[in-house]
Amino acid sequence: MKIKAALPKGMRDFLPKDVVRRQYITQIIREVFELYAYQAIETPVMENLNTLTGKYGEEGDKLLFKVLNSGDYLSKTDDQILQAKDSRKLTAQISEKGLRYDLTVPLARYVVQNQNDLSFPFKRYHIAPVWRADRPQKGRYREFYQCDADVIGSESLYNEVELMQIYAKVFAKLNLEVKIKYNNRKILLGLMQSIGLEGKETEGIAILDKLDKIGLDKVIEEYKALELNDANLSLLRKLLETNDVSLLPTSDMLELGKKELAFLDKFKPENAFFDLSLARGLDYYTGCIFEVASTEYEIGSIGGGGRYDNLTEMFGKSDLTGVGISFGLERIYDVMEALNRFPENLNASSKLLLVHFSEANQNYAFQALNSLRDAGIHAEMYPDLVKFPKQLKYANDKNIPYVAIVGDKEMEQGLFALKNMETGEQQELGLDRLISFLKSH
RNA sequence: GUGGUUGUAGCUCAGCUGGUUAGAGUAGUGGUUUGUGGUUCCAUUGGUCGGGGGUUCGAAUCCCCUCAUCCACCCCA
């Protein structure tokens, strides 16, 4: 029976030429992370479901990929729940693992679990895929890579500044123009509280976040629906129009937020800007928050992050604050692709193909391969005995720049006919000269 | 979860208002006197026209359902 070759929704294959380009991006990110003294870690793709749930808000919980228990999982379920077809309760009984939704929550778990072996402040980076059961669309996939750098156990705001510098440096190296936006959850929370939205802070912050999309008037309308008085409504309007922190009311929370903001204002990179309407949906942020968007191509945010004070507390260790940023690889890729910013010379192929006409030729060529590879030249021999044009076509399709022809003539003279696949030029060289030629071209 | 779009050969698509054995390009394979590709020419493989049901003498084409896809909303990288 023939089954249809297909992938699950929102997941993709990558061709060799795609992988080279993805690695070009991650390599730059990795280098900058290491320059700033972050160390790589790895964690499993699966976490216990109770590690993941409740960290990303209600929406986030819905978007978790859950993994079915092994074995005869149905035999252990409650009959009543099974009969009632209650998916949520049943899920809890048949699934105890899930795919990670981001790299931050697993980090919190990791830090608590491995605290004895880590030195704090712990600066780590992690480049790996995450999964969200979202509906795919442009720039949104169900499997995508995040590239994270976080500092755990340091409340210094220099960390925030460094992280913004990392954003600036990486995107500069990628030749992309971006705008780094920052804000502070304390400002947002304090503001909501001071305008009479105690208990409804999250709701109020979510409205702010829509400013870009629906405009100021509609934002104010939505606040009106929350029964704000006129004084507070006009205050909000003014704040959003001017983005001016000095207009903020006074409260303990707000003063704290303003102080933190002032620090960032002082040390921030040139392309970073305070934005009062920046909110970010992830539930765990408590201090500074960041988001990066391309100024050249519309695709949503290509990076985000912030400070989280209570994430390790959920795993039983308090007083361990963290701050981090994330790069979204596929969106950065899409921007690079759309703007044609990948270097021309990225090539996944070898430099040389050895072609031949007989088994004797192959024997001879295969031995030469060893010397070529010992010299560090990426080389391959066409493995099968096929017609000559077909071997050339292979080199051509794979974008291999040079072909060395090994026929009886060449064997007798101990030479290789080196052909430049672009110009068609051919020259006869001994093995030593072949190697030195390829090394210098 | 809501709204829209599109589903025809491995890939990109054409098939007009329903009418004979469903086409093209490209890729694949075989040849073009067997040591020169990208750039000759010829031949050839490959499709239950997303799936199911209905209307009709007759459906890729019309209607209904369903699945998938892409896009937008929600939210996010």
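Note that these values count all heavy atoms, side chains included, but never hydrogens, waters or copies made by symmetry. Just so it is clear: chains get the letters A, B, ... in the order the sequence lines come, proteins before strands, and each one is counted from 1.
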For [X], report the nucleic acid contact type (base, sugar-phosphate, nothing); a contact means any heavy atom under 4.0 Å.
| X | answer |
| --- | --- |
| A/Lys390 | sugar-phosphate |
| A/Ile332 | nothing |
| A/Gly303 | sugar-phosphate |
| A/Lys9 | sugar-phosphate |
| A/Ser301 | sugar-phosphate |
| A/Tyr145 | nothing |
| A/Gly424 | base |
| A/Gln426 | base |
| A/Glu143 | nothing |

Note to self: So, does A/Lys393 get its side chain near the phosphate of B/rU36, meaning an N or O under 4.0 Å from OP1 or OP2?
What the structure shows: no

Note to self: Using OP1 and OP2 only, check whether a side-chain N or O of A/Lys62 sits under 4.0 Å from B/rC75.
What the structure shows: no

Check: So, are A/Lys398 and A/Glu380 salt-bridged, with charged N and O less than 4.0 Å apart?
Finding: yes

Note to self: For A/Arg280, is there an ion pair with A/Glu291 - N to carboxylate O distance below 4.0 angstrom?
What the structure shows: yes

Can you tell me how far [atom2] of [N] sits from [atom1] of [X], to the nearest Å?
| X | N | atom1 | atom2 | result |
| --- | --- | --- | --- | --- |
| A/Gln137 | B/rU2 | CD | P | 16 Å |
| A/Lys387 | B/rU36 | NZ | P | 12 Å |
| A/Gln391 | B/rG38 | CD | P | 15 Å |

Note to self: Can you classify the ring geometry of A/Tyr308 versus A/Tyr284 as parallel (below 30°), tilted (30 to 60°) or perpendicular (above 60°)?
What the structure shows: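 A/Tyr308 and A/Tyr284: perpendicular rings.
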
Checklist line | Opposite nucleotide pairing with B/rA43, Watson-Crick or G-U, both atom distances under 3.5 Å | finding: B/rU29

Margin query: Is the distance from the ring center of A/Phe290 to that of A/Tyr285 below 6.0 Å?
Written below: no

